[in-house]
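Just so it is clear, the structure is predicted and the values come from calculations on it, not from any experiment.
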Amino acid sequence: VRVVVTDANGVAVVAHTGLDAMQTLRDVWRELPAEKTLLVTWRWFAPDDVPDSLPELTRWLNSVWAGVDGWVSRSQPLTDLPEADAASDR
């Protein structure tokens with residue numbers, strides 16, 4: 001999860017599944033080319049929707065991240081699909 005704050009535009013929260021095992025640049029390099037299913041979602045919050053005080057901001061972020069955690073748990077990439085049959089590709 002990344003939270004990007006910009007003065008003029010607001011806050012973008014981006015979440016993904018499918019890269020969970022990649023923690024370092026070495027992990028990414030080792031996994032290339034990545035034949036993985038990646039699921040990505042994002043949500044935009046206008047500046048007026050983001051609390052100003054640190055305690056309120058902390059509660060707000062915890063709430064947003066709880067929503068992200070729920071999305072991630074519901075959105076795991078499918079891993080049990082059968083491989084495409086070469087004959088069916090024709």
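Panel note: side chain Thr58, backbone Leu54; a donor-acceptor pair is recorded below 3.5 Å.
For Gly10 against Trp44, the heavy-atom pair with the smallest separation is N-CZ2, 3.8 Å. The two residues Val72 and His16 have their closest heavy-atom pair at CG2-O, 4.2 Å.
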Atom pairs and distances, donor-acceptor, side-chain atoms in residues 46-53, under 3.5 Å, two or more places apart:
| residue | atom | partner | partner atom | Å |
| --- | --- | --- | --- | --- |
| Ser53 | OG | Glu56 | N | 3.3 |

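For Arg74, the side chain to side chain contact (heavy atoms under 4.5 Å, CB included) partners two or more places apart in sequence, or in a different chain, are Trp71.
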